[in-house]
Amino acid sequence: MPDFSNQLITWQKQFGRHDLPWQNTTDPYAIWVSEIMLQQTQVVAVIGYYGRFMQRFPDVATLADATQEEVLQHWSGLGYYSRARNLHKAAVTIMDAHGGQFPQDFDTIQTLSGIGRSTAAAIASFAFNQIQTILDGNVKRVLARHFLIEGWPSTPSVEKRLWLLAENLLPKQNMVTYTQGLMDLGATLCTRSKPKCSACPLVNSCEAYQQQRTQSLPTPKPRKRIPEKHITMLIFLHGDKVLLEKRPPTGIWGGLWSFPEAEADCNDVDAIESLAKLRFGFSVQANRRLPLLTHAFTHFKLHIQPQSFTVQLVASKACESGQIWLKVEDAIAAAIPTPIRKILQSLQNELQLMRQDGSL
Ligand code: SF4
């Protein structure tokens with residue numbers, strides 16, 4: 001389908017994006033970092049993070065030398081934290097197993113933590129000018145619409161079809177422009193809702209447009225009831241400091257700092273007070289409850305009830321490894337997920353009130 005790629009290449013040269021911070025370079029490290037950050041995240045959200053990350057970790061050696069804690073701190077708020085942990089792990093692998101050189105071989109790139117086929121293809125294409133096929137969410141949407149492919153694109157049979165199609169569309173030259181063009185079209189014109197078909201270079205051959213199916217394609221993911229979970233987050237205050245705990249290395253918010261938790265939406269303050277004594281070795285006095293917060297993950301919805309307590313006596317047990325007392329403003333700047341930052345910000349207001357009524 002030479003028309004498809006030629007039209008896309010011509011369009012990209014004139015209307016595509018050319019000045020994003022990770023463009024106009026063939027440095028595989030810079031391209032790799034951007035590709036990982038852009039997974040499931042919009043360009044506009046990534047730009048600031050990317051600049052700060054590259055300033056602190058300008059090359060693979062610096063990233064490999066850093067602690068995971070610091071890498072997570074620079075990722076804090078961007079979500080999908082396994083991306084940051086994998087990035088760090090892969091940097092160590094590049095230093096240890098590849099002499100500090102980003103591998104050029106397509107299969108070897110895919111052996112690095114967190115790099116799947118499409119991400120490897122983007123790196124190989126942009127950094128090494130290899131002819132490789134990308135198929136991220138944006139590209140799936142463009143192909144599903146243009147070629148009227150039914151079925152949720154992540155269904156294995158549909159995905160296989162899309163990969164074959166994407167391979168057959170590859171141009172023999174202008175690979176970088178073509179790959180960028182596919183990304184740009186999906187991000188700027190062939191958007192999830194209200195695609196701007198009148199400006200699209202593929203409008204004359206797009207089957208979804210011809211058949212007025214752009215709103216129903218790609219086929220959405222089959223709906224499943226999203227499970228909901230309720231927890232109480234325990235905010236232990238000692239003076240102007242809060243107790244944070246490091247979460248286990250994998251799983252939700254893996255490796256980030258968070259508050260200790262009680263399982264359910266716990267109204268039983270007495271039970272929490274006993275738990276605090278038993279687990280941390282200190283007595284607490286309950287303060288006001290903070291506003292309920294709901295955070296949506298991909299697979300479930302988490303309802304968080306933050307409850308603050310004033311700690312009467314801090315025993316050494318509360319300073320075990322994996323636990324830390326931080327001033328609220330320092331905690332806000334630590335490697336924490338977004339909901340914890342929101343709670344800490346509302347805690348700052350709470351502390352203000354407590355100072356006003358003399359309870360702090
Ligand atoms: S014509 Fe519309 S639906 Fe078809 S590829 Fe272009 S933007 Fe997407």
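Read the numbers this way: they start at 1 and go in the same order the structure lists the ligands and their atoms.
A side-chain N or O of N138 and one of R141 form a donor-acceptor pair less than 3.5 Å apart.
Taking all atoms of both residues into account, the shortest heavy-atom contact from S154 to E159 is O-OE1, 4.3 Å.
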Solution key, residues 87-103 side-chain donor-acceptor pairs under 3.5 Å, sequence neighbours excluded:
unit_1 : atom_1 : unit_2 : atom_2 : d
H88    : NE2    : A66    : O      : 2.8
T93    : OG1    : K89    : O      : 3.1

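Here E35 pairs with nothing under the side chain to side chain donor-acceptor pair (under 3.5 Å) rule; sequence neighbours left out. Under the side chain to side chain donor-acceptor pair (under 3.5 Å) criterion, T219 pairs with no residue at all, not counting sequence neighbours.
Protein atoms of type N, O or S found under 2.8 Å from atom 2 (Fe) of ligand 1 total 1.
A salt bridge is absent between E207 and R213: the closest approach of a Lys/Arg side-chain nitrogen to an acidic carboxylate oxygen does not fall below 4.0 angstrom.
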